[in-house]
Amino acid sequence: MQGTEYGDEELKQTMARELKERLLEAEKEGRPLRVYCGFDPRTSDLHLGHSVPMRKLRQFQELGHEVTFVVGSFTSLIGDPSDKDKLRPRLTADEVRHNAATYAEQAYKILDREKTRIRFNSEWLAGLSFEELINLASNFTLQQFITRDNFRKRWENGDPIYLHETFYSIMQGYDAHALQTDVQVGGTDQLFNIVTAARKIMTFLGDKPNIAIILGILPGTDGEVKMSKSLGNHIPLLSTPEDMYGKVMSVPDKAMGAYMRLVTRWTPDRIAALEADLRSGAVHPRDAKMEIAREIVSIFHGEESALAAEEAFKKVFQQRDLPDVMAEYGLQPGQTVLDVLLAAGLVASKSEGRRMIEQKGVRLDGTVLERADAAFPHPGVLQVGKRRFVRVK
RNA sequence: GGGCAGUUACCCAAGUGGCCAAAGGGGACUGACUGUAAAUCAGUUGGCAGACGCCUUCGGAGGUUCGAAUCCUUCACUGCCCA
């Protein structure tokens, strides 16, 4: 149960015990466990944070269990309020379809394509009647929702909490019933949805409640808060190897533990050993992080690409050399430095370009350019800041 | 349905007629230092010109005024209290 995080020892014990019982039971019945995790198709590109529950699903697959990847096509009409202190914008059906389409392909970077069932929760949620909803809803009190941290904060801040946001938990609980699952995987932000809502609804509907596997939340590249695209601290699964490697390296040291436990394929023993070496000083934190970065890139792009990305990283950032590949721009006659910066897309506006030049952030072949209005000196590698490069020809 | 308060830049938030492109904080970006880390320090953070200046922006629309984020009308949305 590496990477699990219940925030409550008793709950953890209960879940571990139930899981054991369920395993024995399933074995007796000669069937694998039915395991599922729901994903919100809010965005079309998944990031490392999404990979955490997928990794757990993959482990179940490898142990021979049956894994269902649920696309929250219906739930995303609401948007899960769990990790949010604000109302989420509702998606249109078209957006959901489009996002879901690209979703599965990315998921297969982790999951075993042959062994994964994909389901859309609109299959069973769209047909629920108002009467059924009333029955389900009667299992919950308003207080249970309001005392949840995310709702409580909004309540205290005087921010709006919409009625339909409370449906989310109920809908997710119904997913578990519809799929007759044994195990549900999710992050700590899903604690209420899984442990309270889903189990309650399953019990109410006469099922044996599913077991919650609650995983830690992966912090973003800032090392502080949950990885999310909207916060801009995410590492997309579709990043290039170089980009992914660099982004992992930019994660603060204090988050290394979380990355090792939640993203890598490493065993607990291996992680413990590396952490011990870090503590004793036998391994430099940078080298440890490079190992993590290489491992993570390997998962998504393979060993070879990961090694290449590492070489590129060393070259550009440790030796302050230039990357091998960069965008190109064809110099036009009569262009000033500023013109080229803008036309090559290195800056968003002329004002920004001037600012960059004033701040000595613009270099041509390593020489700082001081004059925005001067004619562009000569073809070469134009650099803005540390990581924006264009080869001007 | 009634009363009151509110809606400001990426986010939070100050500003109640000119000195407001709009304080402060966060974030982001640049530079120094580094391990492209963190922390720290210095700076930048609407656009066009870059010297003066001009233009767009303070929920939407309209109005008062030489002049509006600030006053008035109206519409939309939110919170609180009452029903």
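Quick note: numbers below take in every heavy atom, side chains included, and nothing from hydrogens, waters or symmetry partners. Note on naming: letters A, B, ... go to the chains in the order of the sequence lines (proteins, then strands), and numbering restarts at 1 for each one.
Residues D373(A) and F317(A) each lie close to RNA chain B; by heavy-atom proximity, the contact nearer the 5' end of the strand is made by F317(A). Closest-nucleotide positions on RNA chain B for I161(A) and G246(A) were compared, and the one nearer the 5' end corresponds to G246(A).
R286(A) has no side-chain polar atom (N or O) that falls below the 4.0 Å cut-off from OP1 or OP2 of U36(B). OP1 or OP2 of G47(B) has at least one side-chain nitrogen or oxygen of S349(A) nearer than 4.0 Å. One finds no side-chain N or O of R354(A) lying less than 4.0 angstrom from the OP1 or OP2 phosphate oxygen of U30(B). Put simply, K289(A) has no side-chain N or O that comes within less than 4.0 Å of OP1 or OP2 on G35(B).
With hydrogens and angles ignored, a donor-acceptor pair closer than 3.5 Å exists between the side chain of R387(A) and the base of U36(B). For D253(A) and G35(B), a side-chain-to-base donor-acceptor distance below 3.5 Å is present, hydrogens and geometry of angles not being considered. With hydrogens and angles ignored, no donor-acceptor pair under 3.5 angstrom links the side chain of Q359(A) to the base of G31(B).
With respect to E311(A) and K314(A), a salt bridge is recorded, a charged nitrogen being found less than 4.0 Å from a carboxylate O. Salt-bridge annotation for E156(A) and R152(A): present, with a side-chain N of the basic residue lying under 4.0 Å from a carboxylate O of the acidic one.
In this structure, A39(B) forms no base pair with any nucleotide, since neither Watson-Crick nor G-U wobble geometry is met with both distances under 3.5 Å. Within the shown strands, nothing qualifies as a pairing partner of C19(B) under the Watson-Crick or G-U definition with both distances less than 3.5 Å. Nucleotide A13(B): unpaired (no Watson-Crick or G-U wobble partner with both distances less than 3.5 Å). Under the Watson-Crick or G-U wobble criterion, with both distances below 3.5 Å, G27(B) is paired with U45(B). In this structure, U78(B) forms a base pair with A5(B), meeting either the Watson-Crick or the G-U wobble geometry with both donor-acceptor distances under 3.5 Å. Nucleotide C71(B) is matched to G63(B) when pairs are restricted to Watson-Crick or G-U wobble geometry with both distances under 3.5 angstrom.
In this structure, a donor-acceptor pair under 3.5 Å is absent between the side chains of S298(A) and E295(A).
Side-chain proximity of R355(A) to G35(B), G47(B), C29(B): nearest is G47(B). Nearest to the side chain of Y162(A), among U78(B), G31(B), C48(B), sits U78(B). Out of U30(B), U78(B), G50(B), the shortest distance to the side chain of S351(A) is found at G50(B). Across C29(B), G35(B), A38(B), the shortest atom-to-atom separation from the side chain of P285(A) is found for G35(B).
Contact annotation for V316(A): no contact, since no heavy-atom pair falls under 4.0 Å across all strands.
Straight-line distance between the P atoms of C41(B) and G46(B): roughly 23 Å, to the nearest whole Å.
The aromatic rings of F69(A) and F39(A) sit parallel to each other, their planes meeting at less than 30°, with 60° as the upper class boundary.
Listed by first and then second residue, the side-chain hydrogen bond (donor to acceptor under 3.5 Å, both in side chains) pairs that reach into residues 370-381 of chain A are R354(A)-D373(A), K360(A)-E370(A), sequence neighbours excluded.
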